[in-house]
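Remember, it's 1-based here, ligands and their atoms both numbered in the order they're listed.
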Amino acid sequence: MLLLGIESSCDETAIAVVKDGRDVVASNVYSQIEVHSVFGGVVPEVAAREHLKVIDSMTKQTLQESKTTIDRIDAIAVTQGPGLIGALLVGISYAKGLSQSSGKPLIPVNHVHAHVHGALLGLGSDHDVIFPCISAVVSGGHTNLYYMKSPTSFELLAYSIDDACGESFDKVAKLLNLGYPGGPKIEKLAKSGNPKSYPMPVMVEQKTRLQFSYSGLKTYMVNLINRENAPFSGDRLADLCASFQEEALGQLIRKMKAALELKPDTRSILIAGGVAANHRFKELVSNSIKVPAMFPETRFCSDNAAMIAACGYHICQDLRGQNLPLPDPDWDAFSRYKYI
Ligand code: KG4
Ligand code: ZN
């Protein structure tokens, strides 16, 4: 089954063609980072207009690279939300038009759930070794843990009550004048730093439920940086980045371990989202998580459309398995502000 995936939830326009939810035939991502960097963050209206400029030509190019045409595509999967409403509407409206004109079914996909499929891409169909699993989506907008019995069942175990993990990297990088996105910049500097140089605040664990919080760590960093008379540079900057990164990632590790205790039949852990590209994160997971852990290829950690097409494929399979009809295309976008 060949799916066309369309993603436009934030500042990346992405189009992909994926076979059977696993094999990526072609995947293209246009990043708007340069357009937004002058503003120090993503400007929603600008993002929507940038998507509009490239979405049609990127779709044509991706189909061409796949040596296929829309007639040979079995279904179109598009990000329904969460995301920036204006940005989402560009992708959804385009996908609806394409679906109407080609007669191909249209599958709405949840962007956060789709990130998990970034880690599943290329893993093969032997789902017995993977499920039930714990999945972690650690991105600029979300820090979620799910318990999954199949590629389409998502039981939310934990989410952030304030900032997302990637967002805290971005905000701290901005304070240190490192630019956007902050994650890769902090990771690079942290490599030569000592993570024990600066003691960091550790979130008080809730006894009754799992949850993430990053605003305390961020506020601590704001106060620490503002207290200094001179800007951080050289070894001190590297030490500060390493100390912050260690606690930002340390919280993820502690919560993953707690989730594994809560769900002892877990066979594997899938880690996805932009922060999954962090090498220190991979190291910490391999040192302290006892079940096999799977990370996406770096190109499928951050926003892409291959994960959307793969997720759409599993939704189709699931509905067909239950003899249910594919979704009616009469639906709309949903914002990240209505979704945890
Ligand atoms: O998944 P993603 O591309 O977009 C969202 O859906 O949010 O994630 C982007 C986030 C940004 O906050 C970025 O700073 C963070 O992922 N990120 C990283 C790294 N690469 C990207 N965080 C830590 N270390 C990295 N190497
Ligand atoms: Zn994302």
Side-chain angles (χ1 to χ4, degrees), residues 5-14 16 27 29-33 36-37 40-42 44 47 78-84 87-88 91 109-119 135-144 159-160 163-176 178-191 193 195 212 214 217-218 241-242 244-253 270-285 295-308 310-311 335-337 339-340:
I6 300 177
E7 153 64 32
S8 72
S9 64
C10 191
D11 59 343
E12 269 112 7
T13 321
S27 171
V29 179
Y30 160 63
S31 168
Q32 306 174 358
I33 282 181
H36 297 286
S37 63
V42 179
V78 63
T79 303
Q80 182 181 18
L84 305 170
L88 286 166
V109 168
N110 178 308
H111 177 92
V112 187
H113 293 176
H115 264 297
V116 175
H117 287 269
S135 62
V137 180
V138 196
S139 69
H142 295 87
T143 315
N144 290 5
Y159 58 90
S160 176
D163 291 353
C165 179
E167 187 180 1
S168 75
F169 273 88
D170 295 334
K171 287 181 173 168
V172 167
K174 194 170 178 183
L175 277 168
L176 293 167
L178 301 177
Y180 174 86
K185 317 237 174 192
I186 290 183
E187 180 183 9
K188 197 166 168 215
L189 285 161
K191 277 202 180 98
F212 293 98
Y214 279 93
L217 181 61
K218 176 194 66 187
C241 288
F244 162 77
Q245 175 178 266
E246 203 69 3
E247 177 45 31
L249 301 176
Q251 185 181 155
L252 298 170
I253 301 289
L270 304 179
I271 300 168
V275 183
N278 186 295
H279 291 89
R280 179 65 185 148
F281 187 20
K282 287 180 193 162
E283 213 169 71
L284 289 170
V285 168
F295 286 83
E297 271 179 52
T298 306
R299 67 184 173 134
F300 299 133
C301 286
S302 49
D303 291 350
N304 65 87
M307 67 184 198
I308 305 298
C311 188
S335 156
R336 71 172 168 151
Y337 300 109
Y339 179 83
I340 40 164

Discussion item. Return the closest protein heavy atom for atom 24 (N) of ligand 1 as residue, atom name and distance.
Written reply: N278 ND2, 3.0 Å
Response to the item:
Note: ligand 1 atoms sitting under 4.0 Å from heavy atoms of H111 are 6 (O)
Worksheet, complete the sentence: The reported gap from CD1 in I186 to CG in L176 (rounded to nearest 0.5 angstrom) is 6.5 Å
Worksheet item: Can you list the atoms of ligand 1 that are under 4.0 Å from a heavy atom of E187?
Response: 25 (C), 26 (N)
Worksheet item: Within a strict 4.5 Å, meaning less than it, do heavy atoms of the L84 and S8 side chains meet?
Response: no
Discussion item. What protein N/O/S atoms are there under 2.8 Å from the Zn ion (ligand 2), waters excluded?
Written reply: H111 NE2, H115 NE2, D303 OD1
Practice prompt. Under 4.0 Å from a heavy atom of G140: give me the atoms of ligand 1 that qualify, with their elements.
Written response: 5 (C), 7 (O), 8 (O), 9 (C), 10 (C), 12 (O)
Discussion item. Less than 4.5 Å apart, side chain to side chain, heavy atoms only: is that true for Y180 and D11?
Written reply: yes
Fill in: pair Q245-F169: side-chain heavy atoms closer than 4.5 Å
yes
Worksheet item: Any side-chain heavy atom of D170 within less than 4.5 Å of one from K174?
Response: no
Practice prompt. Would you check whether G183 has a nitrogen or oxygen atom less than 3.5 angstrom from a nitrogen or oxygen atom of ligand 1?
Written response: yes
Worksheet item: Is there a donor-acceptor pair closer than 3.5 Å between any side-chain N or O of T143 and the backbone N or O of S160?
Response: no
Worksheet item: Partners of H115 by side-chain hydrogen bond (donor to acceptor under 3.5 Å, both in side chains), sequence neighbours excluded?
Response: H111, D303
Response to the item:
The closest protein heavy-atom partner of atom 3 (O) of ligand 1 is S302 CB, 3.0 Å
Worksheet, complete the sentence: dist L88:CG -> S9:OG (nearest 0.5 Å) comes out at 6.0 Å
Response to the item:
Note: ligand 1 atoms sitting under 4.0 Å from heavy atoms of G182 are 14 (O)
Discussion item. Out of D303, D11, V112, V137, who is nearest to atom 2 (P) of ligand 1 when you count heavy atoms only?
Written reply: D303
Discussion item. At under 4.0 Å between heavy atoms, is it the side chain or the backbone of H142 that contacts ligand 1, or both, or neither?
Written reply: neither
Worksheet item: Does E187 have any salt bridge (Lys or Arg N to Asp or Glu O under 4.0 Å) partners at least two apart in sequence or in another chain, and if so, which?
Response: none
Item to complete: For atom 17 (N) of ligand 1, state which one of A248, G274, S31, S168 supplies the nearest heavy atom.
Response: G274
Worksheet item: Which of the atoms in ligand 1, numbered in the order shown and given with their element, are less than 4.0 Å from a heavy-atom of D170?
Response: 11 (C), 12 (O), 13 (C), 14 (O)
Worksheet item: What atoms in ligand 1 come closer than 4.0 Å to a heavy atom of H115?
Response: 1 (O), 6 (O)
Discussion item. Looking at ligand 1, would C10 count as a contact under a 4.0 Å heavy-atom criterion?
Written reply: no
Discussion item. As an exercise, identify every atom of ligand 1 less than 4.0 angstrom from a heavy atom of G141.
Written reply: 7 (O)
Worksheet item: Could an N or O of ligand 1 be found under 3.5 Å from any N or O of P181, whether backbone or side chain?
Response: no
Worksheet entry | Over 12 non-hydrogen atoms of neighbours within 6.0 angstrom of NZ in K282 | yes
Worksheet item: More than 12 non-hydrogen atoms from neighbouring residues, nucleotides or ligands closer than 6.0 Å to NZ on K191, yes or no?
Response: yes
Practice prompt. Tell me, please, which residues at least two apart from K218 pass side-chain hydrogen bond (donor to acceptor under 3.5 Å, both in side chains).
Written response: D163
Worksheet item: Are N144 and F212 side-chain neighbours, meaning at least one heavy-atom pair lies under 4.5 Å?
Response: no
